[in-house]
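The structure appears right after this line, and notes come after that.
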Amino acid sequence: MTRYLIRRLLQLIPVVAVVITLSFFLVRLAPGDVATMMAGERADPAFIESVRQRYGLDLPMHEQFIRYVGNILQGDLGMSYREGRPVLDVILDRLPATLLLIGVALVVAAVGGTLVGTLLGRHAGTRFDAAASVVAVGAYSIPVFWLGLMMILVFSVTLGWFPSSGMTSPVPPEGWIAQAADVAHHLVLPAGALATVWFGEYVRLSRASVSNVLAEDYITAARGTGYSERNILVKHALRNAMLPITTVFGLQLAALLAGAVLTETVFAWPGLGRLLFDAVLARDMPVIMGAYIAMSVTVVIATLLTDIAYARLDPRVVYR
């Protein structure tokens with residue numbers, strides 16, 4: 001396992017190198033002049049040229065790339081054009097908000113969806129199974145941005161139960177308990193929108209997995225030896241059914257940034273997704289490329305954690 005982990009970590013190097021190269025040139029080839037956008041379209045040409053020289057945008061493309069790679073090797077992702085701060089600091093400031101949002105939504109969806117899907121798989125073919133499956137497919141098919149807008153309209157505008165945007169109140173309450181409750185109050189709608197969509201996927205996946213496992217010969221043999229249905233479901237069926245569920249969990253964890261863009265934009269949640277959206281509108285190239293690098297590292301790490309979980313769940317899986 002140790003050799004496998006070392007080999008997978010080494011694979012991170014070419015992946016990040018490819019991401020850096022592609023993101024650099026794709027962002028640079030996008031239409032529009034960054035210096036003009038930063039200085040303003042009506043700015044003096046001399047000032048625009050000074051901005052271009054300040055950020056090295058007047059250099060040939062290959063020289064800009066070499067300089068950028070050299071800075072990355074020193075741990076420097078550049079300076080944000082929009083905020084005037086190091087990109088790494090900007091990303092780290094937004095990271096906790098995204099981890100909180102995605103973490104809560106993913107845990108709620110995975111745990112709740114797996115439990116409901118297991119129940120449906122145990123009673124596959126019944127009317128309850130058919131009705132619940134239709135609801136799960138409907139939840140999974142809803143666009144998350146539309147669901148978010150509808151939740152704001154109903155629960156925020158109409159009923160006034162939850163705030164419609166932000167992570168905290170304009171005037172935060174005093175005391176860490178009150179502040180935590182305030183953040184949780186703001187978290188309900190965005191996390192609920194994400195969890196609802198992901199919940200349907202976990203229900204369908206776990207239902208199919210449990211249903212297929214319960215039809216295997218070794219389950220029939222376990223029943224013949226006198227094991228209770230609960231013991232068979234928990235210790236035999238569910239453990240083997242967890243393998244595809246673990247795969248989906250790892251992939252969704254890898255899509256942490258991409259999945260949060262729409263939700264964080266709709267709810268004005270101050271996380272990485274909103275940061276990336278604002279950076280694209282402002283042509284803040286260092287932040288965009290830094291976000292791409294963060295996504296690539298997240299994908300590799302999430303995939304590695306998924307492989308480790310596979311080995312823990314199934315003793316037949318051996319990595320060398």
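Throughout, residue positions are numbered sequentially from 1 according to the sequence presented. For clarity, every value in this text was computed on a predicted model and none was experimentally measured.
Considering only residues two or more places apart in sequence or on other chains, Val135 meets the side-chain contact (heavy atoms from CB on, under 4.5 Å) condition with none of them. Residues meeting the side-chain contact (heavy atoms from CB on, under 4.5 Å) test with Val69, sequence neighbours left out: Ile20, Phe65, Leu73.
For the pair Ile288/Val280, a side-chain contact is recorded, criterion being any heavy-atom separation below 4.5 Å from C-beta on. Tyr202 is listed as a side-chain neighbour of Leu106, based on a closest heavy-atom distance under 4.5 Å. Side-chain atoms of Arg85 and Asp93, non-hydrogen and from C-beta on, do get closer than 4.5 Å to each other. Two residues are said to be in side-chain contact when any heavy atoms from C-beta on lie closer than 4.5 Å; Leu101 and Trp269 meet this criterion. At a threshold of 4.5 Å between non-hydrogen side-chain atoms, the residues Met151 and Ser156 do not count as touching.
The shortest non-hydrogen separation linking Pro286 to Val87 is CB-CG2, 3.5 Å. Here the closest heavy-atom approach between residue Ala97 and residue Pro270 is recorded as CB-O, 3.3 Å. Residue Pro96 comes nearest to Leu92 through the heavy atom pair CD-O, 3.1 Å, listed as atom of the first residue, atom of the second, then distance. Smallest separation of non-hydrogen atoms from Val104 and Ala191: CG1-CB, 4.2 Å. When every heavy atom of Ala105 is checked against every heavy atom of Ala195, the shortest pair comes out as O-CB, 3.7 Å. Taking both residues in full, the closest heavy atoms of Ala109 and Trp198 are given as CB-CB, 3.6 Å, listed atom of the first, atom of the second, then distance.
When each of Ile142, Val144, Leu149 is checked for a side chain to side chain contact (heavy atoms under 4.5 Å, CB included) with Trp146, only Ile142 meets the rule.
Between Asp89 atom CG and Leu77 atom CG the span is 9.5 Å, to the nearest 0.5 Å. To the nearest 0.5 Å, atoms CD1 (Ile72) and CZ (Phe24) are separated by 9.5 Å. Leu100 contributes atom CG, which lies 5.0 Å from atom CE of Met167 (distance to the nearest 0.5 angstrom). Interatomic distance, NE2 of His186 versus OG1 of Thr168, reported as 6.0 Å (0.5 Å rounding). A distance of 12.5 Å separates CZ in Arg204 from CZ in Phe199, rounded to the nearest 0.5 Å. Distance check: Leu189 CG to Leu194 CG gives 11.5 Å after rounding to the nearest 0.5 Å.
For the 3.5 Å distance criterion, the side chains of Glu264 and Thr98 qualify, holding a donor opposite an acceptor. Using modelled atom types, one finds a donor on one side chain and an acceptor on the other under 3.5 Å when comparing Asp284 with Ser80.
Using cut-offs of 30° and 60° on the angle between ring planes, the pair Phe162 and Phe155 is perpendicular.
Each of Ile66 and Ile293 belongs to its own hydrophobic cluster when Ile, Leu, Val, Met, Phe, Trp and Tyr are linked at side-chain heavy-atom distances under 4.5 angstrom. Linking Ile, Leu, Val, Met, Phe, Trp and Tyr whenever their side-chain heavy atoms come within less than 4.5 Å puts Val183 and Trp161 in one cluster. Cluster membership check: Val188 shares its hydrophobic cluster with Met150, using side-chain heavy-atom separations under 4.5 Å among Ile, Leu, Val, Met, Phe, Trp and Tyr. A single hydrophobic cluster is not seen to contain both Val111 and Leu99; linkage of ILVMFWY side chains at heavy-atom distances under 4.5 Å, directly or through other members, places them apart. Put simply, Val266 and Val197 are part of the same group of oily side chains (I, L, V, M, F, W, Y) that touch within less than 4.5 Å, one to the next.
Side chain of Thr158 to main chain of Leu153: a donor-acceptor pair is present (N/O by atom type, distance under 3.5 Å, no hydrogens or angles). Judged purely by atom type and a 3.5 angstrom limit, Asn71 uses its side chain to pair as donor or acceptor with the backbone of Arg67. Here the side chain of Arg94 pairs a donor or acceptor atom with the backbone of Gly271 at under 3.5 angstrom.
Applying the salt bridge (Lys or Arg N to Asp or Glu O under 4.0 Å) rule to pairs touching residues 153-167 yields nothing, sequence neighbours excluded.
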With side chain to side chain contact (heavy atoms under 4.5 Å, CB included) as the test, would you mind laying out the steps for Tyr68 and Met289 before giving the verdict? CA-CA 10 Å; Tyr68 182 68; Met289 291 184 292; 3.4 Å; yes

